[in-house]
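One structure is given here, and the rest of the page talks about it.
Hydrogens, waters and symmetry mates play no part in the numbers below; they use all other heavy atoms, side chains included. Here is how names work: the chains are called A, B, and so on, in the same order as the sequence lines, proteins then strands, and each is numbered from 1. Owing to the predicted nature of the structure, the values given are computational and were not obtained by experimental measurement.
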Amino acid sequence: MAENLVIVESPAKAKTIEKFLGKDFIVKSSFGHIRDLSPKDLSVDVDHDFKPQYEIPSDKKKTVAELKKLAKKAKTVWLATDEDREGEAISWHLAEALGLSDEKTKRIVFHEITKSAILDAVENPRGIDYHLVDAQQARRVLDRLVGFELSPVLWKKVKPALSAGRVQSVAVRLIVEREEEIKNFKPESSYKVTAVFEIKKDGGTSNVEAELQNRFKTKKEAVAFLQKCISAQYTIESVEKKPAKKSPAPPFTTSTLQQEASRKLGFSVSKTMVIAQQLYESGKITYMRTDSVNLSNLAIGMAKKVIAGTYGEDYVKTRKYKTKSKSAQEAHEAIRPTYLDNQTISGDSSQQRLYELIWKRTIASQMSDAQLEKTTIKIGVSTAGEKFIARGEVIKFDGFLKVYMESTDDEDSSESTKGLLPPVKVGEKLNAKEIYAIQRFTQSPPRYTEASLVKKLEELGIGRPSTYAPTISTIQKRGYVEKADKKGTERKYDFISLSDGKIKEEVKKEKTGYEKAKLFPTDIGTIVNNFLVQYFDKVLDYNFTAGVEKEFDEIAEGKKAWNEMIKEFYKPFHDNVEETLEKSKKQSGERLLGQDPETGKNVFAKIGRYGPIVQIGESNDEEKPKFAGLKKGRSIEDVTLEEALDMFKLPRTIGKYEDEDMVVAIGRFGPYVRHAGKFYALGKTDDPITVTPERAIEIIEAKRKADKEKTIKEFKEDPSLKILNGRYGAYISKDKKNYRIPKNKDPKELTLEECLEIIEKAPKKTNTGGKRRKK
DNA sequence: CAGTGAGCGAGCTTCCGCTTGACTT
């Protein structure tokens, strides 16, 4: 029997470490935290030093019981959780929950999973750092108090089931405020002038584009300049050559991996994490939730060998990266391939592409700089003071660029840097083939993508590698934010050209403002945010987290008691909650659209119990007000009176089919046709106000066909029971309940008796474990 | 999920961070 029990956080890590430690050690995992505050109530005693009441969540009971059993048998228990605030707390909770005595417990840490690092850790055990544990308790309790006191304020003042928290509310704020900036943005235009010069080389001529140093504010100025150019001579005034270099980006952290996978592969943040998890579990990459850019010496050595072997010694440059972010806790290595000599792996295409990205980034980070030569040619105009500038860039030595180049978020960088420029001399006269002025517009700041939001949150020190993806899904699930594409609009611009001594003025058209998979605030998101910013500015402050992190550090250093820190925060915060509940009004975001021409009653747009609605009349009128849900894509902000009045034309009976009425309306899940007691969703392009009976019949028939294809088997004896084909394969449906079919049965061959037997044996739904489902 | 919305009132919702399966329709 093993004398030593080692406990780590992740099972994949446990497997690897067990190999290094030999047969005297058994290595198990805690699967993260094993105790937490109850999800049902506050579980913090605000009247008695904020004492937390911890419990073992139901899905962790089995793990804890097993660890307890093994711990009892072991002589020594090694707590090897991560060396950060959360990891230290996990060790402490383990010690408490498993009832470990100080004598038989040793705390060890390592930052990389290599044999030497682990053996070294075993040689240098310590005790649990209670100051660090306290810093975690402060973090946990603060988040609970903020979340569980702010959310109920929203239930009362805005809408039930909403949520607020230290991280998610700031994420929503960023998106709402960016939208505001975009709305208030007034584009300004200027005229950019470009000349195409002919340069004579031995034998032929080549064209070089040069841009005028300054832009013109008005069309008039631009035209005036071009007029001066008609009779101008162009002379090269200077040629400047400068060496430059580019350095590779550091290895991936969770946040930079999410950004690059989004830019280069088009992955959503959650997709990146799912794929990375698969690569980690199959041993292909190191841990994927990390804020460290550090590589182990082992990895650096491997990289050096691979680079020298593949590209040559000249391409090797060993680099140690330091994390810039202050909030980083660096419990792990950077994300890198486990074996750098594997440039590719087996797996599905997403896995291969993500792996390749990680491989390239890691290898490039250990390669030499790229050496460039930048050339700037200045060209004078005899009839004007302005100068044209031509820029060129040549790569003298490619270095890391051979493998990898980081992408940027800039959508259209108007840098007009060309490759190699032809050799020219100062004093040389040039011929201008064409000169044109083009009207350019300033751009509003871009809307956030999932990945650029993660980047921003990381910069603000808000959230952790393990929470970036869940936070983004939370704010979408709550309906604060939507991921959507935005259609571009057509814009006219001036184009004035000079060639053959003639000036031509044109107005051209371009598409602008097209955006893909960007984050837009919803009406609810905007209303909730404005409310929170107004009444809870302290918690919503972009620097709130940075401030409390500083205090957590003081607690970790033993300079401050954790419940003192919480007390100082809680008193004013709680008073503010009480005062807001008392004084603030219900936030409905109500906007008066106008009057109904038929009745003269007011028409409003506002937030209803289930989302944005339009309303005719007021609740103190004699007649009840009427309501209608807003169409998808429309908001309180931009819905018009005409649109609102249209919606009251619903429900609309549009005709008969098979002797039954077809009624069109908008419901909870969008526009639909109701026919013979059944609902059929309208298509994306169908408008419920104008949809024809012919189209409605088409929709009904299409749905019937789809349902038929979904049905694998029906039974005449019992029409309530059906075997259907769903997202997860075949299943049995009866009385609106679904049952899984045992794997060894062929769904097509099942008899009614067998089906009823499966239903009989199906485990009764219990609501005790884990999350409860809404009714 | 099921096609509402006022008002009445009971009973519900909610946080962040650490980690994977168990389970779904």
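No side-chain donor from either of A/Glu88 and A/Gln136 sits under 3.5 Å from a side-chain acceptor of the other. Between the side chains of A/Glu482 and A/Gln476, not a single donor N or O lies within less than 3.5 Å of an accepting N or O. A donor-acceptor contact closer than 3.5 angstrom is absent between the side chains of A/Tyr287 and A/Glu112. Side-chain contact of A/Thr290 with A/Thr253: a donor-acceptor pair under 3.5 Å is absent, judged by distance alone. Side-chain atoms of A/Ser163 and A/Gln168 form a donor-acceptor pair, as typed in the model, at a separation below 3.5 Å. In the model, A/Gln615 has no side-chain atom that pairs as donor or acceptor with a side-chain atom of A/Lys626 under 3.5 Å.
Side-chain atoms of A/Ser151 come within 3.5 Å of backbone atoms of A/Ala164 as a donor-acceptor pair (strictly under, hydrogens ignored).
Contact annotation: A/Ser10 side-chain N/O to B/dT19 OP1/OP2 distance is not under 4.0 Å. Contact annotation: A/Arg85 does not reach the phosphate of B/dC18 (side-chain N/O to OP1 or OP2, under 4.0 Å). Between A/Arg478 and B/dT14 there is a side-chain N or O to OP1 or OP2 distance below 4.0 Å. Put simply, A/Gln168 has a side-chain N or O that comes within less than 4.0 Å of OP1 or OP2 on B/dC15. Close to B/dT19, at under 4.0 Å from its OP1 or OP2, lies a side-chain N or O of A/Tyr287. Checking the phosphate oxygens (OP1, OP2) of B/dC18, no side-chain nitrogen or oxygen of A/Arg139 falls inside 4.0 Å.
Backbone-only contact: A/Arg166 has heavy atoms under 4.0 Å from sugar-phosphate atoms and none from a base. Among the heavy atoms of the strands, none lies under 4.0 Å from A/Leu150. Residue contacts for A/Ser163: at a heavy-atom cut-off of 4.0 Å it reaches the sugar-phosphate backbone alone, with no base atom in range. Within the 4.0 angstrom heavy-atom criterion, no nucleotide atom of any strand lies near A/Ala12. Note on A/Val146: nothing from the nucleic acid sits closer than 4.0 angstrom, heavy atoms only.
Counting heavy atoms from C-beta outward, A/Lys538 and A/Phe569 have side chains that approach closer than 4.5 Å.
What separates NZ of A/Lys40 from P of B/dT14 is a distance of 14 Å, to the nearest Å. Rounded to whole Å, the distance from NZ on A/Lys61 to P on B/dA22 is 18 Å. Rounded to whole Å, atom C1' of B/dT19 lies 8 Å from atom CD of A/Gln277. Distance A/Gln137 CD to B/dC18 P: 16 Å, rounded to the nearest Å. For A/Arg144 and B/dC16, the CZ to P distance is 11 Å, given to the nearest whole Å. Look at CG on A/Leu532: it is 13 Å from C1' on B/dC15, rounded to the nearest Å. Protein atom CH2 of A/Trp155 is 9 Å distant from nucleotide atom P of B/dC15, rounded to whole Å. Put simply, CZ on A/Arg35 is 18 Å from C1' on B/dC16, counting in whole angstrom units.
Ring geometry for A/Phe50 against A/Tyr570 counts as perpendicular: the plane angle is over 60°, on a 0 to 90° scale with 30° as the lower cut.
Between A/Glu549 and the choices A/Arg85, A/Arg139, A/Arg166, the salt bridge (charged side-chain N to carboxylate O under 4.0 Å, His left out) rule is met once, by A/Arg85.
Taking the ring axis of A/Phe148 as reference, the NZ or CZ atom of A/Arg144 stays within 45° of it and closer than 6.0 Å to the ring centre. A/Arg35 forms a cation-pi arrangement with A/Trp92, by the criterion of a distance under 6.0 Å to the ring centre and an angle within 45° of the ring axis.
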**Asked** Can you give the dot-bracket line for DNA chain B, where a pair is Watson-Crick or G-U wobble with both atom distances under 3.5 Å, crossing pairs use [ ], and | marks a partner on another strand?
**Response** .........................
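The side chain of A/Pro160 sits closest to B/dT13 out of B/dT13, B/dC16, B/dC18.
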Polar atom pairs between nucleotides 3-7 of chain B and protein, under 3.5 Å, N or O only, would you list them?
from	atom 1	to	atom 2	distance (Å)
B/dG3	N2	A/Gly670	O	3.4
B/dT4	O4	A/Arg668	N	3.3
B/dA6	N6	A/Lys624	NZ	3.4

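Closest of all the heavy-atom pairs between A/Val269 and A/Glu450 is N-OE1, 2.9 Å.
Residues from residues 462-476 of chain A placing a heavy atom under 4.0 Å of any atom in DNA chain B, listed by number, are A/Gly463, A/Arg464, A/Ser466, A/Thr467, A/Thr474.
Atom name P, nucleotides B/dT24 and B/dT4: the rounded distance is 30 Å, in whole Å.
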